Undergrad: 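Let me begin by handing over the structure; questions about it come next.
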Amino acid sequence: MIDLRLVRENPDLVRASQRARGADESRVDALLAADAERRAAVHRADQLRAEQKSASQAVKKATPEERPAVLERAKALSAEVKAAEDATRAADEALRAAHLVIANVVAPEVPPGGEDDAVTIRTVGDVPSYDFEVRDHLDIGTALGAIDMERGAKVSGARFYFLTGPGALLEFALAQLAITRAVAAGFTPVVAPALVGPKAMEGTGFLGEHDEEVYRIERDDLYLVGTSEVALAGMHADEVLDLSAGPKRYAGWSSCFRREAGSYGKDTKGIIRVHWFDKVEMFSFCAPEDAEAEHLRLLQWEEEFLQALELPYRVVDIAAGDLGTSAARKFDIEAWFPTQGTYRELTSTSDCTTFQARRLSIRSRDADGRPQTVATLNGTLCAIARTIACLLEVHQQADGSVHVPVALRPWLGGHAVLRPGMSLVPTA
RNA sequence: GGAGGCUUCGCCUAGUCCGGUCUAUGGCGCCGCACUGCUAAUGCGGUUUGGGUUUUGGCCCAUCCCGGGUUCAAAUCCCGGAGCCUCCGCCA
C-alpha cells in the first residue's frame, strides 16, 4: 500500500499516478475521506477511554457510600467506549479497503501509455540469421528428446510438459549457472516454499485485481506462488532489518504456478507460457533512497546472465498502464525468438519502493535509528522453461543440433552441442 | 491424526495460582553523562512499537502471540485460533 502521508500531503501526485495507470482517480478522494473519518473516530474513542480509565480508578478509591454512583458512571462510560471502538473498527476497515485499491505511485520517468507503449532502452547482440528453415523450440526439443508436451498434457492437462534427457539437464544447468552467478555477486541463495499463506500473497499485491492468475488450495487456505518473490518478500514480514551494510539480497529458487486465465489461445505451442515452471528470482531489501540504483543493478545482473547464454535481447521500459500493482517502475528484457521474428519477455525487474514492505511491515533503522519502511525490488534471473525455449531456437543449427553456450557446458557434461540421440554421458 | 508444554518492551527473565498505581521486574546488550593518564571497572540517566494531538515542550490512547468474551477494570479469568517444542502414530 502507498504511504498515507503522501496522499495527505500531495494528493495530486497520487491522482496523476492513478491517471497514468488508467485507474480510477476518485479513489484518491475516497481514501482521503476515509482517512479523515478514521482519525476522527480514533480521537473520539481515545478521549472516551481516557475518561473511562480515570472513572475506573475512582471505583477503586471510592468509599462504600459513594461507590454505587461512581460505579454507575463507570458502567455508562464503558458502554460508550464500546460503541466508539466499534465505530473505530468500522472506520479502520473502510480505510484499509480504500487504501488497498490504490496501486503504487508510478515513478516520474515511466513512459506514458499502455501495453504497446513500452520504450526500448537498448538492444544488445545481433539478431541472428539462418541459412536454413528455422524450427520452433518444440520441434527442436521434441526431436532432441528434451521436451514432451503430449505426455505432459496426458498427465496434467494443457500447458504442462515433461523435460526429459537433455531438457532435464538444461533445467539443472540453467539453475546452477544462475545460482552460481548470484552467489558470486553476493546474493544469499534460497530454496523457497512454493505454497504460501494469504498474508504473503496479499502483501506482495497478488490478490488484488489479478487474483484470477493464482492457484488456491482452498482446503488448507494456501496459495501456489506465481513467483518466489512472494515467499522471499514474506520471509522478513514484521521484522526490522539491519541494512547498515547495504541491501539484503536473495536469489530464490522455486517452482512457479500460473493459471494463465486470460491467455487462451496465446502461446499455446511449447513451453513459452505454461502453468508451472521453475525460476531463479533475485530479491532485494534496501533503504528507500537506494531503490533506484538497486533497480539498475538488478537489471545489469539480468543482462549479464543473458549475455552468458549468448542470447540477443533488448531492454524495455514498461509504460505506466502496464505496470503491476506493486511496481513503481519495471524493466523487461526481451530475447529474440527466431520463429516468431520478434523479441519476447524473458525476464522482468520491478522497483516496488515501499509498497510491499508497508503491507508486510518490513522496516530498517534510518541514520537516526528510527524505524523506516524499506524498499523491495525483484528481478528474474532465469525463468527456466522459457529460457530453454529461447536457447533451443536461437542456438539451433542446420543439422538439427543445438549449440551449447560455453557458460552452460560445465553443467552439461562438457558437451558443446546437443543432438538427437546423443549420449548424455559427460565427455572426458 | 493423538497427548502434553511453551509464547511478556533487541535477547534472557519476574509477574499469571488469588483481576486494580503492571504507568510491567531484573540481567545482558546498546546510547548519553560523570569518574579515570588510557583501557577496564564503577556510578547516574536513557533504551518496545504503532496511532492521535500538539503553542515542538509535551500530552493522550493502544500494545504482554492473535481474535472474541466476562468485568467499572484483564499480562492475569473464560472460549476460539496461530506458531514453536516434546512424546506417540504415519510417512519421503
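We name chains A, B, ... by the order of the sequence lines, and we start the count at 1 in each one. All figures in this text were calculated on a predicted structure; none of them were measured in a lab.
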Undergrad: Do A/Asp322 and A/Arg21 meet the salt-bridge criterion of a basic N to acidic O distance under 4.0 Å?
TA: no
Undergrad: Have a look at A/Lys199 and say if it touches a base, only the backbone sugar-phosphate, or nothing, with a 4.0 Å heavy-atom cut-off.
TA: nothing
Undergrad: Considering only side-chain heavy atoms of A/Lys75, which listed nucleotide, B/C72, B/G50, B/U53, is closest?
TA: B/C72
Undergrad: Return whichever of A/Ala74 or A/Arg370 has its heavy-atom-nearest nucleotide of RNA chain B closer to the 5' end.
TA: A/Arg370
Undergrad: Roughly how many Å apart are B/C65 and B/U16, using the P atom of each and rounding to a whole number?
TA: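 Each nucleotide's P atom is 15 Å from the other's.
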Undergrad: Name the pairing partner of B/C64, where a pair is Watson-Crick or G-U wobble with both distances under 3.5 Å, or state none.
TA: none
Undergrad: Applying the Watson-Crick and G-U wobble criteria at under 3.5 Å, what pairs with B/G20? Answer none if nothing qualifies.
TA: B/C72
Undergrad: Work out how far the C1' atom of B/G43 is from that of B/G58, and round it to whole angstrom.
TA: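 About 30 Å, rounded to a whole number of Å.
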Undergrad: On the nucleotide B/A73, are OP1 or OP2 found under 4.0 Å from the side-chain N or O atoms that A/Ser78 carries?
TA: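 Indeed, a polar side-chain atom of A/Ser78 lies that close.
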Undergrad: Among A/Leu306, A/Leu309, A/Ile333, whose side-chain contact (heavy atoms from CB on, under 4.5 Å) with A/Leu346 holds?
TA: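 Per the side-chain contact (heavy atoms from CB on, under 4.5 Å) rule, the option paired with A/Leu346 is A/Leu306, out of A/Leu306, A/Leu309, A/Ile333.
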Undergrad: Regarding A/Arg8, tell me which of base, sugar-phosphate or nothing describes its non-hydrogen contacts under 4.0 Å with the strands shown.
TA: sugar-phosphate
Undergrad: What nucleic acid atoms does A/Ala50 come within less than 4.0 Å of, heavy atoms only: base, sugar-phosphate, or nothing?
TA: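 Result for A/Ala50 = sugar-phosphate.
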Undergrad: Can you check whether A/Lys53 has a side-chain N or O nearer than 4.0 Å to OP1 or OP2 of B/A62?
TA: yes
Undergrad: Checking contacts here: which listed nucleotide (B/U49, B/G20, B/U70) is nearest the side-chain heavy atoms of A/Lys82?
TA: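 My answer, after comparing the listed nucleotides, is B/U70.
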Undergrad: Using both distances under 3.5 Å as the test, list the Watson-Crick or G-U wobble partner of B/C30, or none.
TA: B/G46
Undergrad: Using atom CD of A/Glu85 as one end and atom P of B/G51 as the other, report the distance to the nearest whole Å.
TA: 19 Å
Undergrad: Mind checking the C1' distance from B/U8 to B/U49? Whole angstroms is fine.
TA: 14 Å
Undergrad: For B/A14, which nucleotide in any strand shown is its Watson-Crick or wobble partner with both distances under 3.5 Å?
TA: none
Undergrad: Identify whether any heavy atom of A/Arg44 sits under 4.0 Å from a base atom; if not, whether one sits that close to sugar-phosphate; answer base, sugar-phosphate or nothing.
TA: nothing
Undergrad: Atom CG of A/Asp46 to atom P of B/A62: distance rounded to whole Å?
TA: 7 Å
Undergrad: Counting Watson-Crick and G-U wobble pairs only, both distances under 3.5 Å, name the nucleotide matched with B/G83, or none.
TA: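 B/G83 is paired with B/C6.
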Undergrad: Hey, which of these two, A/Arg49 or A/Arg38, hits RNA chain B nearer its 5' end, going by closest nucleotide?
TA: A/Arg38
Undergrad: Regarding A/Gln52, tell me which of base, sugar-phosphate or nothing describes its non-hydrogen contacts under 4.0 Å with the strands shown.
TA: sugar-phosphate
Undergrad: Could you state the CZ-P distance from A/Arg89 to B/C61, rounded to the nearest angstrom?
TA: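 Whole-Å distance recorded here is 19 Å.
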Undergrad: In whole Å, I'd like the distance from the CG atom of A/Leu95 to the C1' atom of B/G51.
TA: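 For the pair A/Leu95 CG and B/G51 C1', the rounded distance is 12 Å.
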Undergrad: With P as the reference atom in both, quote the distance from B/U63 to B/G51 in angstrom, rounded to an integer.
TA: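 Pairwise P distance, B/U63 against B/G51, rounds to 16 Å.
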Undergrad: Figure out the CD/P separation between A/Glu80 and B/C72, and round it to whole Å.
TA: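 Spelled out: CD on A/Glu80 to P on B/C72 is 15 Å.
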Undergrad: Quote, to the nearest angstrom, the P distance that separates B/G80 from B/G27.
TA: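 About 40 Å, rounded to a whole number of Å.
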Undergrad: Could you identify the nucleotide paired to B/U39, looking across every strand shown and requiring Watson-Crick or G-U wobble geometry with both distances under 3.5 Å?
TA: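 Base partner found: none.
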Undergrad: Across all strands shown, which nucleotide pairs with B/U25 by Watson-Crick or G-U wobble geometry, both distances under 3.5 Å?
TA: none
Undergrad: Provide the distance between the two C1' atoms, one in B/C60 and one in B/G68, to the nearest whole Å.
TA: 27 Å
Undergrad: Just how far, in rounded Å, is C1' of B/G50 from CZ of A/Arg96?
TA: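 Rounding to the nearest Å, CZ of A/Arg96 and C1' of B/G50 are 15 Å apart.
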Undergrad: Take atom C1' in B/C18 and the same atom in B/C90, then report the distance between them in whole Å.
TA: 44 Å
Undergrad: Run the salt-bridge test on A/Arg159 and A/Glu260 with the 4.0 Å N-O cut-off and return the result as yes or no.
TA: no
Undergrad: Under a 4.5 Å cut-off applied to non-hydrogen side-chain atoms, are A/Phe331 and A/Thr349 in contact?
TA: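 They are in contact (side-chain heavy atoms under 4.5 Å apart), so the answer is yes.
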Undergrad: Can a side-chain donor-acceptor contact be found between A/Asn104 and A/Thr353 if the only test is distance below 3.5 angstrom?
TA: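 Result is yes, a qualifying pair exists.
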Undergrad: Rounding to the closest angstrom, what is the interatomic distance between B/C12 and B/C30 at atom C1'?
TA: 15 Å
Undergrad: Would you say the side-chain atoms of A/Thr227 and A/Lys279 include a donor-acceptor pair closer than 3.5 Å?
TA: yes
Undergrad: In sequence, state the C-alpha distance, the side-chain angles, and the governing distance for A/Gln300 and A/Glu304, and then conclude on side chain to side chain donor-acceptor pair (under 3.5 Å).
TA: CA-CA 6 Å; A/Gln300 192 186 333; A/Glu304 288 168 0; 2.9 Å; yes
Undergrad: Rounded to the nearest angstrom, tell me the gap between atom CG in A/Asp92 and atom C1' in B/C61.
TA: 13 Å
Undergrad: Grab the CZ-P distance between A/Arg39 and B/G52 for me, whole Å please.
TA: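 Interatomic distance, CZ of A/Arg39 to P of B/G52: 6 Å.
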Undergrad: Strictly by Watson-Crick or wobble contacts shorter than 3.5 Å, is anything paired with B/C90, and which nucleotide is it?
TA: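 Its partner: none found.
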Undergrad: Side chains of A/Val404 and A/His395: does their closest heavy-atom pair fall under 4.5 Å?
TA: no
